[in-house]
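Notes follow once the structure below has been shown.
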Amino acid sequence: MAGTDWDGTTFEAHRPLLFSIAYRMLGSASEAEDVVQDAWLRARQDEHADIRSARAYLTTIVTRLCIDHLRSAERTRMEYPGPWLPEPLAEPNQESTELASSLTTAFLVLLEQLTPTERAVFLLREVFERDFDEIATTIGKSEANARQILARARGRLRDSRPRFTASRRESEEIVRHFRHACVTGSVDELMAVLHADATLVSDGGGKAAAATRPVLGADRITKFMLGYARKAHWSESDFKLVTVNGTPGLLLRHPMAGDGTYSFDIVDGRIRAVYIVRNPDKLRGFLEHTRYTH
């Protein structure tokens, strides 16, 4: 299959997979869409490509574009005002349960510990279950090197990956308790749903009010959330129950406090981490596509 033989149907059949890889690599839906579009243009222009597998060929292009993008964005990330969080995703592609579990905010934050190449190898092997020969070709290294990179990535993440996660029903119930505690000002209820060593991370991007560093510990998170709730005069109707990155979360729409998504890492029946995105640039796509219930 030469580059000039590409047609829209062939590429569109692979678009969901390519977006899934790019979003997990970059943590940004808008940037992932740009990378996928760039991959389409490059595939059409590559007249000399000897393509035996369209999937492998396109995966290679997208992965390499993402690695380059992450490397060039490193300084931007370092200069980012306050904590950086992934852009929330409202409606993930139709993915298997196993694949969707790697879409959570907690998992994407975890991946930030890896270098761009480690991230690529880890995702292609652990999430997308690619063979080592394909991974090696994708990153331009030997199979032995690819295996070493994977071992290094696993080592970095070994102590951070959760062993037990909540069911969707349990997660929704815990999120509802979190919402109720915030709007009623219940210290006891909020403390009851938080792990003692929970973490709250808030991303305002310098464009919306947010904590400039992570808030550590259930007592400090409770003080932070309830103090903010009192100032903004939140009501339960301000918080909509939504799906954020495939798991139950909250969307805050408030005339004074502004907009924000709340996603959660829930382990052993309690919230281990709260991730708040208030940067309006990151919320634009979510607000356009989200559906919510009370």
Side-chain angles (χ1 to χ4, degrees), residues 80-86 88 104-113 157-242 244-245 247-254 256-279 282-283:
Y80 193 80
W84 181 95
L85 287 174
T104 65
T105 305
F107 184 78
L108 296 178
V109 169
L110 196 62
L111 293 179
E112 289 297 304
Q113 299 178 42
L157 304 182
R158 183 175 295 115
D159 295 333
S160 304
R161 301 182 73 179
R163 291 175 295 172
F164 306 105
T165 56
S167 67
R168 185 169 187 88
R169 176 179 291 183
E170 182 185 8
S171 295
E172 286 188 358
E173 188 66 21
I174 292 169
V175 170
R176 290 180 193 274
H177 279 300
F178 178 90
R179 173 174 68 176
H180 185 262
C182 288
V183 299
T184 60
S186 174
V187 173
D188 291 341
E189 186 175 9
L190 191 51
M191 289 288 289
V193 297
L194 293 169
H195 272 281
D197 58 352
T199 301
L200 180 148
V201 182
S202 182
D203 178 347
K207 299 183 178 182
T212 56
R213 61 186 63 185
V215 181
L216 307 177
D219 52 347
R220 292 180 179 177
I221 292 173
T222 297
K223 184 177 180 180
F224 174 84
M225 288 300 304
L226 298 189
Y228 194 51
R230 281 193 296 271
K231 290 179 182 178
H233 303 290
W234 283 341
S235 68
E236 196 137 341
S237 62
D238 295 325
F239 277 107
K240 312 300 182 185
L241 187 65
V242 297
V244 183
N245 287 61
T247 60
L250 295 170
L251 171 63
L252 175 67
R253 307 297 305 270
H254 191 277
M256 288 174 53
D259 301 327
T261 58
Y262 289 67
S263 55
F264 305 88
D265 182 19
I266 298 174
V267 181
D268 298 331
R270 291 193 174 192
I271 296 169
R272 188 169 67 174
V274 183
Y275 302 105
I276 306 172
V277 175
R278 305 200 66 245
N279 183 340
K282 294 185 178 182
L283 292 174

(message) In the structure I gave you, are the side-chain heavy atoms of Ile276 and Val201 within less than 4.5 Å of one another anywhere?
(response) no

(message) If I compare all heavy atoms of Ala210 with all of Gly204, which pair ends up nearest, and what's the gap?
(response) CB-N, 3.5 Å

(message) Contact between Thr222 and Leu194 at the side-chain level, heavy atoms closer than 4.5 Å - yes or no?
(response) yes

(request) For Cys182 and Met225, work out which heavy atoms get closest and say how close. (result) SG-CE, 3.7 Å

(message) Looking at Ala192, is its backbone amide N or carbonyl O close enough to the side chain of Arg270 to form a donor-acceptor pair, meaning the two atoms are under 3.5 Å apart?
(response) yes

(request) First locate atom OH of Tyr228, then atom OG of Ser202, and finally report the distance between them rounded to the nearest 0.5 Å. (result) 7.5 Å

(message) With a 4.5 Å cut-off on side-chain heavy atoms, are Leu85 and Val109 touching?
(response) yes

(request) Provide the closest heavy-atom pair for Leu108 versus Pro86 in the form atom of the first, atom of the second, distance. (result) CB-CG, 3.7 Å

(request) Evaluate the side-chain proximity of Tyr262 to Val242: yes if any heavy-atom separation is below 4.5 Å, no if none is. (result) no

(request) Enter the distance from Asn279:CG to Tyr80:OH here, rounded to the nearest 0.5 Å. (result) 4.0 Å

(message) In the structure I gave you, are the side-chain heavy atoms of Leu250 and Thr261 within less than 4.5 Å of one another anywhere?
(response) no

(request) Start with the C-alpha gap between Ile271 and Asp265, add the side-chain angles, then the distance that decides, and say whether side chain to side chain contact (heavy atoms under 4.5 Å, CB included) holds. (result) CA-CA 6 Å; Ile271 296 169; Asp265 182 19; over 6 Å; no

(message) Under 4.0 Å between a side-chain nitrogen and a carboxylate oxygen: does that hold for Glu173 and Arg169?
(response) no

(message) I'd like to check Thr105 versus Pro88 (side-chain heavy atoms, cut-off strictly below 4.5 Å). Are they in contact?
(response) no

(request) Could you tell me which non-hydrogen atom of Gly206 sits nearest to which non-hydrogen atom of Pro81, and how far apart they are? (result) N-CG, 3.5 Å

(request) Kindly indicate whether the side chain of Ser263, heavy atoms from C-beta on, has any atom under 4.5 Å from the side chain of Asn245. (result) no

(message) Evaluate Arg272 against Thr199 for side chain to side chain contact (heavy atoms under 4.5 Å, CB included), listing each step before the verdict.
(response) CA-CA 6 Å; Arg272 188 169 67 174; Thr199 301; over 6 Å; no

(message) Between Ser237 and Ser235, do the side chains contain a donor N or O and an acceptor N or O under 3.5 Å apart?
(response) yes

(request) Taking the side chain as every heavy atom from C-beta outward, state whether Val183 and Asp238 have any pair of such atoms under 4.5 Å apart. (result) no

(request) Would you check if there is a donor-acceptor pair between the side chains of Glu236 and His180 at a distance under 3.5 Å? (result) no

(request) Work out which heavy atom in Val215 is nearest to a heavy atom in Ala211; give both atom names and the distance. (result) CG2-CB, 4.2 Å

(request) Answer yes or no: is there an ion pair linking Lys282 with Asp203, defined by an N-O contact shorter than 4.0 Å? (result) yes

(message) For Phe264 and Tyr275, I'd like to know if the aromatic rings sit close, meaning centre-to-centre distance below 6.0 Å.
(response) no

(request) Please indicate whether Arg220 has more than 12 foreign heavy atoms, meaning atoms of other residues, nucleotides or ligands, lying under 6.0 Å from its CZ. (result) no

(message) Would you compute the distance between atom NZ of Lys240 and atom CZ of Arg179 and round it to the nearest 0.5 angstrom?
(response) 8.5 Å

(request) Output the distance between atom CD1 (Ile221) and atom CG (Leu216), rounded to the nearest 0.5 Å. (result) 7.5 Å

(message) If I take atom CG from residue Leu283 and atom NZ from residue Lys207, how far apart are they, to the nearest 0.5 angstrom?
(response) 11.5 Å

(request) Could you tell me whether a side-chain N or O of Arg213 sits under 3.5 Å from a main-chain N or O of Pro83, the two making a donor and an acceptor? (result) no

